[in-house]
Every structure is written in structure tokens, then in C-alpha cells.
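These notes concern the structure reproduced below.
We count ligands from 1, going down the list as the structure has it; atoms in each ligand are counted the same way.
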Amino acid sequence: MRYSKQRALLLDLLKAHHDHPTADILYHELRNIMPSVSLGTVYRNLNQLADCGQILRIGTKGSERYDAALHPHDHIQCTVCGGVFDCPPNLYTIDGNAVCDATGFQLTSCKLILKGVCPHCQKNSSDPAQAVSK
Ligand SMILES: [Zn+2]
Ligand SMILES: [Zn+2]
């Protein structure tokens with residue numbers, strides 16, 4: 001991978017985040033440093049970083065979020081604000097052997113995204129039960 005100033009800056013910006021920002025958020029931050037940068041460039045560089053394993057890409061196409069923390073960890077996503085948080089480790093375990101037995105798969109990785117409503121959105125919602133059913 002060729003060195004790119006934009007990519008190096010993006011990686012630095014992402015490392016300062018612990019809230020799994022979207023490409024859009026990083027784009028606005030990068031634009032403060034590099035006014036000529038385009039959103040397409042940001043996406044391309046983030047994809048390159050993710051493809052070569054320097055950052056994690058979380059979520060589904062169109063709503064990806066990025067994480068510079070590379071230690072294995074799972075995520076929990078708020079269904080109201082879309083925020084992604086790190087899930088504390090060791091709260092649960094997955095029985096890989098049982099999964100393989102049941103599906104015939106050979107497991108190569110295990111990434112979970114748990115869904116819920118974050119404390120902030122619970123506070124903002126007058127009816128938390130309704131927020132959960134969204
Ligand atoms: Zn939320
Ligand atoms: Zn994370």
C-alpha cells in the first residue's frame with residue numbers, strides 16, 4: 001500500500017475516537033485539516049485501511065462505522081441513535097464447537113453486534129418500550 005498523507009491523517013483521527021465514527025464524521029474532521037479532501041477519498045482510504053487490517057469496519061453496507069481498536073472485541077449498537085459502543089468482554093461466551101456441530105461450518109471468526117437502546121436514548125425517550133420495538 002502506497003503511503004498517503006490523507007490515509008495517515010485519517011488513521012490518526014480515528015485513533016483519537018473511541019466512539020466508532022462514521023466516514024461522514026471523519027470526513028468533516030479531516031476537512032478541517034485538509035480542506036480539499038472529498039468524501040469519496042475518505043471512503044476509499046477507510047476501505048483500504050480496513051482491507052489491510054489496520055482498522056475495523058463495523059456494521060452493514062451504507063452505515064459502516066470504523067474502529068482503530070484492533071484487539072478482539074464485540075460491539076453493541078443503539079437502534080435509536082445508531083451509536084456503536086464496545087461491549088465489555090467476558091460477559092458471554094459462544095460455544096464454537098456447538099455452532100460447528102449444528103451448522104457443519106468451520107468457524108473462522110466470530111463477530112457479534114448486539115443491538116439495544118443506549119443509556120442516553122433511554123433517557124431521551126418518554127416510552128423506552130416503544131424505542132426498543134423499532
Ligand atoms: Zn442511542
Ligand atoms: Zn470497538
Inset, instruction - Could you check D67 against H73 for side-chain hydrogen bond (donor to acceptor under 3.5 Å, both in side chains), going step by step and ending with a plain yes or no? - result: CA-CA 11 Å; D67 193 354; H73 64 284; 2.8 Å; yes
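- With the Zn ion (ligand 2) as the vertex, OD2 of D67 and OD1 of D86 span 160° to the nearest 10°.
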Inset, instruction - Evaluate the criterion side-chain hydrogen bond (donor to acceptor under 3.5 Å, both in side chains) for residue pair H28 and N32; output intermediate values, then yes/no. - result: CA-CA 7 Å; H28 283 100; N32 290 333; over 6 Å; no
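- Taking the Zn ion (ligand 2) as reference, H20 places its N/O/S atom NE2 nearest.
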Legend entry - Stepwise side chain to side chain contact (heavy atoms under 4.5 Å, CB included) check, H20 with L56: CA-CA 9 Å; H20 311 86; L56 296 177; over 6 Å; no
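- In this structure, R57 pairs ionically with D51, as a charged nitrogen and a carboxylate oxygen lie closer than 4.0 Å.
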Legend entry - Stepwise side chain to side chain contact (heavy atoms under 4.5 Å, CB included) test for T79 and V117: CA-CA 6 Å; T79 53; V117 180; 3.9 Å; yes
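- Annotation: protein N, O or S atoms under 2.8 Å of the Zn ion (ligand 1) (waters excluded) comprise C78 SG, C81 SG, C118 SG, C121 SG.
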Inset, instruction - I would like to know whether L107 and N97 meet side chain to side chain contact (heavy atoms under 4.5 Å, CB included); could you show each step before the answer? - result: CA-CA 9 Å; L107 225 51; N97 290 331; over 6 Å; no
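- In this structure, CD on E29 lies 3.5 Å from NE2 on H17, to the nearest 0.5 angstrom.
- For the Zn ion (ligand 2), the set of nearby N, O or S atoms under 2.8 Å includes one belonging to H75.
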